[in-house]
Amino acid sequence: MPELPEVENVRKQLAPSFVSRTIQEIWAGPNSYFFITPPRQLKRELPGKKVRALARHGKYLVATLSDDSQLLLHLGMTGQLTTQVQEQDRHLHLIFKMSRGKTIYFRDVRKFGKVEWIAPGESSTRLEKLGPDALELEGEALYRASRNRKIPVKTLLLDQKVSAGIGNIYADEALFRAGIRPSRPSSRLTKSEAIKLAREVRQILALAVSAGGSSINDYMQPNGNEGDFQHLHKIYGKTGETCSECEAKIQRVVLGGRSSHFCRRCQK
DNA sequence: GCACATGTTCTCGG
DNA sequence: CCCGAGAACATGTG
């Protein structure tokens, strides 16, 4: 469910239940795949610490704790952070009991989500690998990253080292709005196209944040509401439908192992 | 059974 | 060491 706009909405909604509260108790399920930091260590380290801030870098949520340690949360494909879950959920992996009566649940059906605790003074290789947040992607930087690369421009956009936060939906949407085919070799991008594409990326992400993200399948905000941006998708998931800007049928190809949607008339 | 799913990481060959 | 392609991870839905 989560690309930058969805994660940003989770961050904003979760903050009141998380920030300025003390972690009183941790419940962690037995799923070793899900935990970078093992459950026993989380149970040992987290209780008693206060959450000072909840930030987002790309698709990662980063909580800073009172001893300057950090807790990284990544939602993977199906992760959900919510303040209202029914107990007895087989996909529940982690529960934070916070001070003053708040509880936060982390559930994840496919378990591609991740939880990692970073000790004070340590740094996370995961965060260090991330490029600039996609809300601030600059055309110049995108152009530089595209030089001497053979990979499709779509795949370049998905590279979190180039820009952190873009996922499959918003990559397709931004390319459609920029009039660039997802299959275009990165090295064939002109500078003015790179500048336009970066602007479309920033714009669509900001719009999607405002709309509460996109809810398709199981994405939900922490309060249980759905986002609205899926109604504004113009290309993603619309294979075979008529393009909103012309009469052509929307095409689907696989690039870098991901479904990619485009209009052969509007995108060159 | 098959295809596919808002993601990341690892392996392999060049 | 860099690059790119493909597989792997775990589970559900149609």
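Lettering follows sequence order; numbering is per chain, from 1.
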Spacing between [X] atom [atom1] and [N] atom [atom2], to the nearest angstrom:
X	N	atom1	atom2	value
A:Leu158	C:dG4	CG	C1'	15 Å
A:Glu6	B:dG7	CD	P	9 Å
A:Leu156	C:dC3	CG	P	11 Å
A:Leu61	B:dG7	CG	P	15 Å
A:Phe34	B:dT8	CZ	P	14 Å
A:Leu255	C:dG4	CG	P	14 Å
A:Lys161	C:dC3	NZ	C1'	10 Å
A:Lys59	B:dG7	NZ	C1'	6 Å

Next on the checklist: Over all strands shown, is A:Thr155 touching base, sugar-phosphate only, or nothing at heavy-atom distances under 4.0 angstrom?
Outcome noted: nothing
Next on the checklist: What contact category does A:Gly257 fall into here, base, sugar-phosphate, or nothing, at under 4.0 angstrom with non-hydrogen atoms?
Outcome noted: nothing
[N] and [M]: how far apart are their [atom1] atoms, nearest whole angstrom?
N	M	atom1	answer
B:dT9	C:dG12	C1'	22 Å
B:dA5	C:dG4	P	23 Å
C:dA7	B:dC2	P	15 Å

Checklist entry - Passes side-chain contact (heavy atoms from CB on, under 4.5 Å), A:Met77 versus A:Asp108? Steps please. => result CA-CA 8 Å; A:Met77 291 278 260; A:Asp108 186 356; over 6 Å; no
Is the phosphate of [N], meaning OP1 or OP2, less than 4.0 Å from a side-chain N or O of [X]?
X	N	answer
A:Gln160	B:dG7	no
A:Thr78	B:dA5	no
A:Arg149	C:dC2	no
A:His74	B:dT8	yes

Next on the checklist: Under 3.5 Å for both donor-acceptor distances, Watson-Crick or wobble: does C:dA10 have a partner, and if so which one?
Outcome noted: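 Here C:dA10 is not engaged in any pair, so there is no nucleotide opposite it.
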Checklist entry - In terms of side-chain geometry, is the basic nitrogen of A:Glu138 or A:Arg202 positioned less than 4.0 Å from the acidic oxygen of its partner? => result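 Between A:Arg202 and A:Glu138 there is no salt bridge, as every charged N stays at least 4.0 Å from the carboxylate O atoms.
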Checklist entry - Are the charged groups of A:Glu200 and A:Lys196 less than 4.0 angstrom apart, N to O? => result no
Checklist entry - Are A:Glu45 and A:Ser69 close enough, and set up right, to give a side-chain hydrogen bond (donor to acceptor under 3.5 Å, both in side chains), and what steps lead you there? => result CA-CA 10 Å; A:Glu45 297 290 349; A:Ser69 65; over 6 Å; no
Collect all protein-nucleotide pairs involving nucleotides 9-13 of chain B in which both atoms are nitrogen or oxygen and the distance is under 3.5 Å.
from  : atom 1 : to       : atom 2 : distance (Å)
B:dT9 : OP1    : A:Arg126 : NH1    : 3.0

Next on the checklist: Is it the case that the side chain of A:Glu25 and the backbone of A:Pro47 share a donor-acceptor pair, with hydrogens and angles ignored and the cut-off at 3.5 Å?
Outcome noted: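 Flag not set: sc A:Glu25 to bb A:Pro47 has no pair under 3.5 Å.
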Item to check | A:Ser123 side chain to A:Glu128 side chain, donor-acceptor N/O pair below 3.5 angstrom | outcome: yes
Item to check | Joint cluster assignment, A:Tyr170 & A:Leu189, ILVMFWY side-chain distance < 4.5 Å | outcome: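 In one cluster: yes.
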Checklist entry - Is there a path from A:Leu175 to A:Leu255 through hydrophobic residues (I, L, V, M, F, W, Y) whose side chains come within less than 4.5 Å of each other? => result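 Cluster IDs for A:Leu175 and A:Leu255 differ.
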Next on the checklist: Using a 4.0 Å heavy-atom cut-off to protein, can you give one letter per nucleotide of nucleotides 6-12 of chain C, 5' to 3': B if the base is in contact, S if only the sugar-phosphate is, - if neither?
Outcome noted: ---BBBS
Checklist entry - Only one of A:Thr103, A:Val51, A:Leu71, A:Thr83 forms a side chain to side chain contact (heavy atoms under 4.5 Å, CB included) with A:Phe96, so which one is it? => result A:Leu71
Checklist entry - Taking atom CZ of A:Arg264 as the centre, does the number of heavy atoms from other residues, nucleotides or ligands within less than 6.0 Å exceed 12? => result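 No - once you tally the heavy atoms of other residues, nucleotides and ligands closer than 6.0 Å, there are 12 at most.
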